[in-house]
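Proteins come first, then strands; the chains are lettered A, B, ... in the order of their sequence lines, and each starts at number 1.
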Protein chains: 2
Amino acid sequence: MSTADEFRRKKRATIIDVGHAAGVSDATVSRALNRPETVSEATRQKVQQAIVATGYVPNALAKAMVSGRSQTIGALIPTLDHAIFSKFLHTLESELSAQGFNLVVAVTNGNRDYEVSKAKKMLAMGVEGLIVSGLSHNDELTSEARRYGVPLVLTSYYQPDHAFPTIGYDNAKASALALDHLVAHGHRKIAVVHGPLVGNDRTRSRIAGLQEHPAAAGLNLIETDLSYAGGAAAIDRLTPGETAVLCLSDVLAMGALFVCQSRGIAVPQDLSIMGFDDLDPSKFVTPSLTTLSLPIAQMGQHTAAAMADHLMTGKPIRSIELPVMLQARASVAHRQS
Amino acid sequence: MSTADEFRRKKRATIIDVGHAAGVSDATVSRALNRPETVSEATRQKVQQAIVATGYVPNALAKAMVSGRSQTIGALIPTLDHAIFSKFLHTLESELSAQGFNLVVAVTNGNRDYEVSKAKKMLAMGVEGLIVSGLSHNDELTSEARRYGVPLVLTSYYQPDHAFPTIGYDNAKASALALDHLVAHGHRKIAVVHGPLVGNDRTRSRIAGLQEHPAAAGLNLIETDLSYAGGAAAIDRLTPGETAVLCLSDVLAMGALFVCQSRGIAVPQDLSIMGFDDLDPSKFVTPSLTTLSLPIAQMGQHTAAAMADHLMTGKPIRSIELPVMLQARASVAHRQS
DNA sequence: CTTGGCAATGTAGACGTCTACATCACGGAG
DNA sequence: CTCCGTGATGTAGACGTCTACATTGCCAAG
């Protein structure tokens with residue numbers, strides 16, 4: 001046995017020790033803790049003192065096992081190495097914590113099989129709810145959630161007719177909105193720079209939104225890495241005559257913008273660049289980036305609140321559409337030529 | 001009772017059900033699962049079939065309670081709304097998961113009391129290890145960790161004489177390295193832009209490193225918000241004669257750089273700007289940002305590995321110093337005047 | 001043929017908490 | 001004075017898994 005094991009086995013006070021110290025049974029201590037009104041004032045005080053004296057801390061594991069309530073939610077996130085998801089997780093955790101829940105997280109890297117396997121571990125651990133990103137998942141994910149009777153919320157998406165609640169925004173509508181903005185500024189030949197399609201249904205949905213747009217014919221789709229370098233590289237793949245670049249992520253847009261800066265391509269005079277996300281730096285770059293502001297913080301807040309509310313009151317979780325807002329700044333101008 | 005509760009109570013197969021289906025006792029099923037070599041081949045097969053037939057999934061909660069091993073680690077992070085911490089968490093989770101551990105996270109916003117309260121919840125939940133950021137914490141954090149006999153690792157720091165293992169880099173050494181670089185480029189009057197000092201010992205330590213430097217006399221400390229806007233605002237607070245700005249975070253450096261771009265202040269000709277962190281965009285901005293590359297991914301990897309190793313083998317966790325590297329790029333030049 | 005040993009399995013708690021039910025004392029109604 | 005309701009508390013499982021110890025049967029050594 002290792003030192004760690006010995007430590008772990010060091011006996012801590014239990015509810016029975018407290019009862020002993022207070023001269024009552026464990027059941028009375030439990031009641032004093034969970035339903036104080038069912039216990040006499042005198043007993044409550046004795047128990048309180050005994051708790052202090054013994055340094056008792058309830059064992060949440062034991063409570064979770066007997067009650068079936070672990071007070072824990074699981075979140076499966078594609079990556080944390082992207083501000084969108086980490087900001088989401090930040091607000092999600094804050095709100096969940098405010099409601100008394102713990103959050104266990106796993107990074108999936110967009111791998112569905114891995115996602116399912118982590119989800120199963122979380123369910124075995126007793127999570128009371130599961131939060132995932134996007135719509136497309138291994139079928140086993142939903143079947144396992146059903147089997148355990150655990151609520152599952154899909155985020156970064158809004159699709160009210162889905163079998164599970166979706167809390168997010170309409171990606172297709174958002175990209176159409178972006179394209180509207182470019183078209184309104186006279187652009188007709190537009191490069192669309194986007195990250196990998198595999199395992200990323202948000203990107204696919206954004207592209208779908210563009211392809212249904214009246215101006216779809218003038219679009220040149222460029223797939224690249226979802227990174228600054230990827231955005232920069234995309235500038236080399238523009239087709240002559242294109243006057244605007246619509247990047248389906250601010251990271252790509254900034255990559256493109258920075259390379260334009262270093263090459264002396266004037267933005268927006270020579271080329272308009274539009275982003276998607278509205279990351280923190282986007283309004284500070286030069287020129288400031290015209291982009292779509294995604295309701296990430298709200299999404300975290302609403303997702304946590306809906307989940308907590310459901311778990312505490314049993315009210316069903318409803319899909320919520322959060323608004324995407326156009327941030328018209330300086331990187332898009334009217335077509336010059 | 002809510003619908004959710006009914007779901008939750010829906011009976012799932014237990015080890016006893018499996019035993020019943022296989023015609024053996026629960027103990028034998030448990031052995032077949034955990035120490036297959038102690039069970040006959042025939043029995044192992046019967047149990048295997050029974051598991052499939054019943055759809056049995058082990059209840060990790062019950063196992064954790066009886067074994068005292070939850071396979072769960074807790075991480076207390078100041079914020080996830082900053083790439084440094086989210087990248088750390090990303091690698092931490094990936095590695096921990098690879099070792100078979102779950103990760104529960106809480107965002108503390110640098111509030112020590114809150115940190116302790118979350119730590120206590122995690123300990124009550126049965127986490128087997130705790131990972132925090134920085135050196136300064138509420139004393140109760142360490143005493144609780146001790147009380148539960150749970151290993152505690154401090155990150156973003158390296159201080160081998162600390163009572164708990166530290167895995168990170170030497171912040172003071174790093175900032176001195178940065179200052180060396182500026183001094184080597186002829187700069188003598190240097191503005192140091194940093195985020196809030198309260199609740200952030202990394203920043204304090206970096207400043208301490210500067211103040212012990214031979215060139216400390218020429219430094220002008222400017223405290224601002226840790227944000228792009230804060231970095232931008234700091235430019236207005238420069239003292240005449242200052243030829244370089246050392247920002248103790250790339251976010252601040254980029255905020256400063258962007259505002260210089262928009263005002264036509266030439267970097268590095270008119271002003272050298274140096275960052276700290278080496279965030280993803282830093283090498284793509286124009287001019288590319290000279291900065292200190294922090295070993296964040298390695299830190300996540302090493303922290304997870306050390307924790308997992310300790311928990312599995314009992315080997316003590318040793319402090320690890322990770323190297324900080326100077327990234328000499330284009331935003332720092334020799335003093336012109 | 002007896003006996004000791006070993007492999008395979010079962011039995012019986014134990015982990016810490018909760019809760020349905022039983023018990024008890026008390027006081028008011030009849 | 002008796003009876004019953006009520007509030008307060010104790011008792012005894014139950015949650016699902018693990019494991020020390022007991023039991024069984026078989027085989028080989030003597």
Does [X] reach the main-chain N or O of [Y] with its side chain, forming a donor-acceptor pair under 3.5 Å?
X        : Y        : result
A:Thr155 : A:Val132 : yes
B:Asn138 : B:Glu140 : yes
B:Arg69  : B:Leu311 : yes
A:Asp201 : A:Gly134 : no

For a quick check of understanding: with a heavy-atom distance under 4.0 Å over all strands, which category does A:Gly23 fall into, base, sugar-phosphate or nothing?
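If one applies the 4.0 Å heavy-atom cut-off, A:Gly23 turns out to touch the sugar-phosphate alone, with no base involved.
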Is there a donor and acceptor pair closer than 3.5 Å between the side chain of [X] and the base of [N]?
X       : N      : answer
A:Arg31 : D:dG10 : yes
A:Asn59 : C:dC15 : no
B:Asp26 : D:dC18 : yes

Indicate whether any N or O donor in one side chain lies under 3.5 Å from an N or O acceptor in the other, for A:Gln49 and A:Gln45.
no
Rounded to whole angstrom units, what separation is found between the [atom1] atom of [X] and the [atom2] atom of [N]?
X       : N      : atom1 : atom2 : answer
A:Glu37 : D:dG7  : CD    : C1'   : 13 Å
B:Ile15 : D:dC15 : CD1   : P     : 14 Å
B:Arg69 : D:dT19 : CZ    : P     : 12 Å
B:Leu33 : D:dT17 : CG    : C1'   : 10 Å
B:Tyr56 : D:dC18 : OH    : C1'   : 11 Å
B:Lys46 : C:dA8  : NZ    : P     : 13 Å
B:Glu41 : C:dT9  : CD    : P     : 11 Å
A:Leu61 : C:dA14 : CG    : P     : 20 Å

Can you tell me if [X] touches the phosphate of [N], counting only side-chain N or O atoms and a distance under 4.0 Å to OP1 or OP2?
X       : N      : value
A:Lys63 : C:dG16 : no
A:Thr28 : D:dG10 : yes
A:Thr14 : C:dG16 : no
A:Ser40 : D:dA8  : no
A:Thr43 : D:dA8  : no
B:Ser30 : D:dC18 : yes

Need to verify one output field. Residue with the more 5' nearest nucleotide on DNA chain D, A:Val24 or B:Ala13?
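Final value for this comparison: A:Val24.
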More 5' along DNA chain C: B:Met65 or B:Val39, using each one's nearest nucleotide?
B:Val39
The nucleotide from C:dT19, C:dT17, D:dT19 with an atom nearest the side chain of A:Ile16 is C:dT17
Which nucleotide in the list C:dG16, C:dT19, D:dT19 gets nearest to the side chain of A:Ala62?
C:dG16
Using 4.0 Å as the upper bound for N to carboxylate O, is an ion pair formed by B:Glu115 and B:Arg112?
no
